[in-house]
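Every heavy atom of this structure was used, including side-chain atoms; hydrogens, water molecules and symmetry mates were not. All ligand and atom numbering here is 1-based and tracks the order in the structure.
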Amino acid sequence: MADMDGIKDGKDFGLDRPQDKEGFIIKGNAHYDWGLKNRLSRLFNPKTGRTVMLAFDHGYLQGPTSGLERIDLSIVPLIEHADVLMCTRGILRATIPPTINVPIALRATAGSSVLTELSNEAVSVDIDDAIRLGACAMASQIYIGAEYEHKSIMNVSKLINEGQRYGIPTLAVTGVGKEMARDERYFSLATRIAAEIGAHYVKSYFVEEGFERICAGCPVPIVIAGGKKLPELEALEMAYKAIDQGAAGVDMGRNIFQADDPVAMIQAVSHVVHTLEAPEKALQMYNDLKGGN
Ligand code: 5RP
């Protein structure tokens, strides 16, 4: 029986001993079946074990976000530089050419908006439709500590159960309620719970303090959200630090599609993620590419 009084913060994260991947480059996913591992190998570059997911699912909560007013104009030119596209099925069918060969992480929940309680979501996409769309992953928010925490955990669990039947991995997105601290304690808790319920990989925010321990304590890969728009160098620094401290990639939206030059920015981010390029050099690359489209 869990006893709140007896909980102590973890101390031994074995930071000098990386988790054994048992012959499969994607951490914590060695024991799954061929189809699921094949989809993971499309989501994560099998050479680097890392990924640049381009997130543009923001509209499902907040309507036509700046930079996403016309996805056919702003996002389609970025597709060739992304490893994965993360979006809703509505945007996928309406604006993304079916001829692309970039895997899709499908936002599979809905039920709230920025005007209401964000955590009050439900699974909104049937597994049949995810398969029909050729989804490589399904994604759902896990809102630890929020009003609808239980419902959100059950949403992720439902996707995992259904995805397991067909070899489709689930990305659990740690959603942070308006009142919650974005710190090591919170993301350690949320990412570990997501992995324990069976998520194949987890999205977190980067935090300056303790991110390495968050990654070490989560037995499956972590990808970071970009969060609000930062100056380009700061966004590249955040990506660098996250990868250096154990993240397996980014699931980045605003810091790419709201950049002065999104096509240049996604290439610079990709360089950092896959080669651990120094942020200053990646910024130089961004500046060299800028305006060249
Ligand atoms: C929203 C999401 C977004 O995909 C996520 O926030 C990534 O975008 P950004 O880098 O702009 O934060 O999961 O629910």
Side-chain angles (χ1 to χ4, degrees), residues 43 51-69 71 74-75 78 81-92 96 103-125 135-144 146 148 152 155-156 159 170-178 180 182 187 190-191 194 199 201-207 222-232 234-239 241-243 247-259 262 265-266 268-270 272-273:
L43 296 164
T51 188
V52 174
M53 299 178 63
L54 177 62
F56 53 100
D57 58 329
H58 306 57
Y60 98 100
L61 289 168
Q62 59 190 59
T65 308
S66 172
L68 296 180
E69 300 87 342
I71 285 174
S74 60
I75 295 297
L78 305 179
H81 304 292
D83 295 316
V84 180
L85 304 181
M86 176 163 171
C87 61
T88 60
R89 64 177 167 185
I91 282 297
L92 186 63
I96 305 299
I104 302 299
L106 193 64
R107 157 67 57 193
T109 49
S112 58
S113 78
V114 280
L115 304 180
T116 60
E117 168 54 42
L118 292 180
S119 63
N120 192 10
E121 286 195 329
V123 171
S124 59
V125 176
C136 254
M138 297 181 290
S140 177
Q141 231 91 318
I142 177 171
Y143 284 103
I144 299 303
Y148 293 93
S152 73
N155 291 339
V156 177
L159 292 184
T170 294
L171 167 64
V173 176
T174 57
V176 189
K178 288 171 196 147
M180 279 156 208
R182 294 181 176 209
F187 289 115
T191 56
Y201 67 121
V202 182
K203 176 159 146 180
S204 172
Y205 285 88
F206 175 73
V207 291
I222 287 183
V223 292
I224 61 153
K228 69 175 195 305
K229 171 76 176 71
L230 301 167
E232 279 74 13
E234 286 178 35
L236 293 166
E237 281 169 348
M238 177 173 65
K241 285 190 261 184
I243 299 295
V250 299
D251 187 11
M252 196 175 263
R254 287 163 286 177
N255 277 293
I256 292 174
F257 62 69
Q258 292 178 354
M265 188 59 181
I266 192 169
V269 170
S270 185
V272 170
V273 167

Note to self: Which label fits Phe257 and His58: parallel for a plane angle under 30°, tilted from 30 to 60°, or perpendicular past 60°?
What the structure shows: perpendicular
Next item on the list: Without swapping roles, check the side chain of Thr109 against the backbone of Arg107 for a donor-acceptor pair under 3.5 Å.
Entry: no
Next item on the list: Check ligand 1 against Gly227 and write out every atom of the ligand that is under 4.0 Å from a heavy-atom position of the residue.
Entry: 9 (P), 10 (O), 11 (O), 12 (O)
Margin query: For atom 14 (O) of ligand 1, what is the closest protein heavy atom, and at what distance to 0.1 Å?
Written below: Gln141 NE2, 3.1 Å
Notebook entry, point to check: Are any of the heavy atoms in Asp251 under 4.0 Å away from ligand 1?
Noted result: yes
Check: Where is the tightest heavy-atom contact between Ala235 and Asn255, given as atom of each residue plus distance?
Finding: CB-OD1, 3.7 Å
Margin query: Quick check: closest heavy atoms across Tyr143 and Glu121, and the distance to 0.1 Å?
Written below: CE1-OE1, 4.2 Å
Next item on the list: Can you pull out the closest protein heavy atom to atom 4 (O) of ligand 1? Residue, atom name and distance to 0.1 Å, please.
Entry: Asp57 OD1, 2.5 Å
Next item on the list: Return yes when Lys228 approaches ligand 1 closer than 4.0 angstrom through a heavy atom, no otherwise.
Entry: no
Next item on the list: Run the numbers on Leu171 and Asp251 for side chain to side chain contact (heavy atoms under 4.5 Å, CB included), then give the verdict.
Entry: CA-CA 11 Å; Leu171 167 64; Asp251 187 11; 4.0 Å; yes
Notebook entry, point to check: Looking at ligand 1, does any of its N/O atoms fall within less than 3.5 Å of an N/O of Met252?
Noted result: no
Notebook entry, point to check: Can you tell which of Lys203, Arg254, Met86, His58 gets a heavy atom nearest to atom 2 (C) of ligand 1?
Noted result: Lys203
Check: Applying the side chain to side chain contact (heavy atoms under 4.5 Å, CB included) test to Phe206, which of Ile224, Val250, Ile222, Ile243 qualifies?
Finding: Ile224
Checklist line | Residue Val173 vicinity, atoms of ligand 1 by number, heavy atom under 4.0 Å | finding: 13 (O)
Item checked: ligand 1 N/O within reach of Gly226 N/O, cut-off under 3.5 Å -> yes
Item checked: Where Thr174 and Ser204 come nearest, the two heavy atoms and their spacing -> OG1-CA, 3.4 Å
Notebook entry, point to check: Do side-chain atoms of Gln258 reach the backbone of Ser66 as a donor and acceptor pair under 3.5 angstrom?
Noted result: yes
Next item on the list: Among all protein heavy atoms, pick the one closest to atom 6 (O) of ligand 1 and tell me residue, atom and distance.
Entry: Tyr205 OH, 4.0 Å
Next item on the list: May I ask you to check if ligand 1 and Gly253 share an N or O to N or O distance below 3.5 Å?
Entry: yes
